[in-house]
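Each remark here refers to the structure printed beneath this line.
The first residue of the sequence shown is numbered 1, and numbering continues consecutively from there.
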Amino acid sequence: MRPFFYRAAAKYPNVSFVEVPVTEKNAHLHQGLGVPSVPFGHIYHPEAGLVEEQKISKKFFPQFEQILETYVNGVCELPEGAVETPYNVIDVTEQ
């Protein structure tokens, strides 16, 4: 996992990556953060706090990095027709 982690850290230099090894002295920290297994990743937004958490094994790391990229870029892609809005949408071009 370390190569994936360090490669992502190099790819996103404006993002802080923190590696927290599990030891007897800090096991309570992992429990307090609700980390169910390791390796595990959290994404924190400067204004919103914890916004994503996910297992980041070799199988899941590409998905984790893709999610991280949406926060870095400030844009995410949504599947067409898969999302509904709870808000009333007003088309201002018709006025």
Are Leu68 and Leu50 connected in a single hydrophobic cluster, I mean Ile/Leu/Val/Met/Phe/Trp/Tyr linked by side-chain heavy atoms less than 4.5 Å apart? no
What distance do Phe60 atom CZ and Gln54 atom CD have between them, rounded to the nearest 0.5 Å? 7.5 Å
Got a sec, which residues hit ring-ring contact (aromatic ring centres under 6.0 Å, His included) with Phe4, two or more places apart in sequence or on another chain? Phe61
Any salt bridge (charged side-chain N to carboxylate O under 4.0 Å, His left out) pairs touching residues 58-68, not counting sequence neighbours? Lys11-Glu65
At their closest point, which heavy atom of Pro13 faces which heavy atom of Ala10, and how far apart are they? CD-O, 3.7 Å
Any pair with a residue in residues 9-40 that passes ring-ring contact (aromatic ring centres under 6.0 Å, His included), sequence neighbours left out, goes on the list, sorted by first then second residue, please. Phe5-Phe17, Phe40-His42
May I ask whether Leu29 and Val38 are part of the same hydrophobic cluster, defined by side-chain heavy atoms of I, L, V, M, F, W, Y residues being less than 4.5 angstrom apart, directly or through others? yes
Main-chain N/O of Val20 paired with Asn26 side-chain donor or acceptor, under 3.5 Å: no
Check the hydrophobic clustering (I, L, V, M, F, W, Y; side-chain heavy atoms under 4.5 Å; chains of links allowed) and say if Ile43 and Ile56 are grouped together. yes
For Glu19, what residues pass the salt bridge (Lys or Arg N to Asp or Glu O under 4.0 Å) criterion, not counting sequence neighbours? Arg2
Nearest non-hydrogen partners of Pro39 and Met1, listed with the distance: CG-CG, 3.6 Å
Candidate pair Val51 and Tyr44, rule side chain to side chain contact (heavy atoms under 4.5 Å, CB included), full reasoning: CA-CA 6 Å; Val51 290; Tyr44 291 87; over 6 Å; no
Are Val18 and Leu33 grouped together when hydrophobic residues (ILVMFWY) are joined by side-chain heavy atoms under 4.5 angstrom apart? yes
Quick one: side-chain hydrogen bond (donor to acceptor under 3.5 Å, both in side chains) partners of Ser37, sequence neighbours excluded? none
Could you give all pairs that pass the salt bridge (charged side-chain N to carboxylate O under 4.0 Å, His left out) test and reach residues 42-54, with sequence neighbours left out? none
